[in-house]
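Protein chains get the first letters and strands the later ones, always in sequence-line order, with residue 1 at the start of each.
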Amino acid sequence: MFRPVKIATWNVNGIRARVGAVGDWLAQHRPDVLCMQETKVVDDDFPFEELTRLGYVVKVSGQAGYNGVAIAASLPVNDVSTGLYDDLVDAERRVISATVGGLRVVNVYVPNGKSVELPSFPEKLRWLERLRVTLDTREDPTKDLVLCGDFNVALEDRDVYDPVRLRGRLHFHPDEHRALGRVLDFGLVDAYRALHAEGGRFSWWDYRGGDFRNNRGLRIDYAFVTRSVAARLSRAEIDVEPRRLPKPSDHTPVLLELS
DNA sequence: ATGGTCGAACCTCGA
């Protein structure tokens, strides 16, 4: 059986606005799997054709206006599921999982949290704990698995443009670090970090204030892999090029290669 | 400089 060797994740910030850029990127890089977040479209209106004509099967879980996740794969897709263990319908359309050529793929769009002062912040922390329970309940850390997506948390000082200024604020709060750490304790390794030690490599930059031009960004998009996958990891990149295009997503893709 | 800019959908919300 063919198994995936190139796996990518990209918060596209509206698939209908981005389908041209996504199609171009798929044609150029030919990943076996692309996980997308913030598709912002109901399933009936998803632009399937633009991706199927490139040879991809696309599984979607979306809603109108916000959130929404999708998995595009060029290999056979099985066992598609949605949601967390206690919300399999996935009212907010934040989780889609599938098995692609023997690799379990869990694609998540973690709640933003809005502000550390608001009730949405502890809800974000609880969501991450529920993700951990979902992994414990439904997945196996001794098997090939990648958990990828937009986690809305920058883990370390080297993952943010100004750790002193940002510490304790949304995306870089110790409670978020503990909550995402609990997810990693399932038995996962940050694939990009396993191969790259340097800071200043980000996956998201605010549209405002010239943040991209000045590289004021955060690394909040990750591919976390189980030990068996980490052992095969040959390459992990953040591809900044799509962020330079006209009308970009505010996030850029993260791409893994396995041997 | 607590501003600024996007996408989606209906003019404001979520990020």
Side-chain angles (χ1 to χ4, degrees), chain A residues 9-25 34-48 50-51 58 60-70 87 90-95 107-128 131 148-155 159-173 175-176 179-180 202-222 238 240-254:
Chain A
T9 181
W10 191 1
N11 179 323
V12 297
N13 192 17
I15 187 61
R16 286 173 290 178
R18 216 69 61 213
V19 67
V22 170
D24 289 348
W25 194 83
L34 174 63
C35 294
M36 290 167 273
Q37 305 86 35
E38 282 204 90
T39 52
K40 296 186 176 181
V41 67
V42 295
D43 295 354
D44 285 347
D45 291 342
F46 192 98
F48 289 101
E50 289 85 341
L51 306 186
V58 188
V60 300
S61 179
Q63 62 182 347
Y66 54 100
N67 304 337
V69 284
D87 175 24
D90 201 14
E92 295 189 345
R93 305 296 195 267
R94 294 183 180 278
V95 183
N107 175 21
V108 301
Y109 174 50
V110 175
N112 172 286
K114 295 188 177 76
S115 162
V116 298
E117 320 292 336
L118 295 174
S120 50
F121 185 72
E123 286 167 14
K124 175 183 190 176
L125 302 177
R126 282 198 296 274
W127 197 96
L128 285 164
L131 175 60
C148 64
D150 175 2
F151 289 79
N152 272 313
V153 178
L155 276 167
D159 297 324
V160 304
Y161 68 91
D162 186 344
V164 173
R165 177 177 129 92
L166 297 178
R167 182 164 289 107
R169 297 170 61 164
L170 188 69
H171 304 304
F172 197 57
H173 189 286
D175 292 348
E176 290 173 308
L180 186 50
F202 307 130
S203 65
W204 172 85
W205 302 259
D206 200 299
Y207 285 122
R208 298 166 289 189
D211 280 9
F212 179 64
R213 183 163 35 85
N214 295 300
N215 199 31
R216 289 193 293 258
L218 306 175
R219 194 171 73 93
I220 57 176
D221 301 87
Y222 302 94
I238 300 171
V240 74
E241 292 308 317
R243 191 62 176 76
R244 303 186 202 281
L245 297 173
K247 302 292 283 183
S249 170
D250 45 354
H251 297 251
T252 210
V254 177

Review point. When you check the side-chain N and O atoms of Glu38(A) and Asn11(A), is any donor under 3.5 Å from an acceptor?
Key: yes
From [atom1] of [X] over to [atom2] of [N], roughly how many Å is that when rounded to an integer?
| X | N | atom1 | atom2 | result |
| --- | --- | --- | --- | --- |
| Arg18(A) | dG7(B) | CZ | C1' | 8 Å |
| Leu166(A) | dT2(B) | CG | P | 14 Å |
| Asp211(A) | dG3(B) | CG | C1' | 11 Å |
| Phe46(A) | dA8(B) | CZ | C1' | 15 Å |
| Asp45(A) | dG7(B) | CG | P | 18 Å |
| Tyr66(A) | dA15(B) | OH | P | 9 Å |
| Leu245(A) | dG7(B) | CG | P | 13 Å |
| Lys114(A) | dT12(B) | NZ | C1' | 14 Å |

Taking [X] for the side chain and [Y] for the main chain, is one N or O donor matched with an acceptor at less than 3.5 Å?
| X | Y | value |
| --- | --- | --- |
| Arg18(A) | Lys247(A) | yes |
| Tyr207(A) | Pro248(A) | yes |
| Asn67(A) | Arg93(A) | no |
| Asn107(A) | Gly149(A) | no |

Study note, to complete from the structure: Winner on side-chain proximity to Tyr207(A), out of dT5(B), dA15(B), dA8(B), is dT5(B)
Review point. Can you tell which of dG4(B), dA8(B), dG7(B) lies closest to the side chain of Arg16(A)?
Key: dA8(B)
Separation of the [atom1] atoms in [N] and [M], to the nearest angstrom:
| N | M | atom1 | answer |
| --- | --- | --- | --- |
| dA1(B) | dC13(B) | C1' | 25 Å |
| dA15(B) | dT2(B) | P | 23 Å |
| dG7(B) | dG3(B) | P | 23 Å |
| dA8(B) | dG4(B) | P | 23 Å |

Review point. NA contact type, Tyr109(A), heavy-atom cut-off 4.0 Å: base, sugar-phosphate, or nothing?
Key: sugar-phosphate
Revision key, fill the gap. By nearest-nucleotide position on DNA chain B, the 5'-leaning member of Asn112(A) and Ile15(A) is Ile15(A)
Exercise for review: Specify the residue among Ala17(A) and Asp250(A) whose closest nucleotide of DNA chain B lies further upstream toward the 5′ end.
Suggested key: Ala17(A)
Review point. Any side-chain N or O of Lys247(A) less than 4.0 Å from the OP1 or OP2 oxygen of dG7(B)?
Key: yes
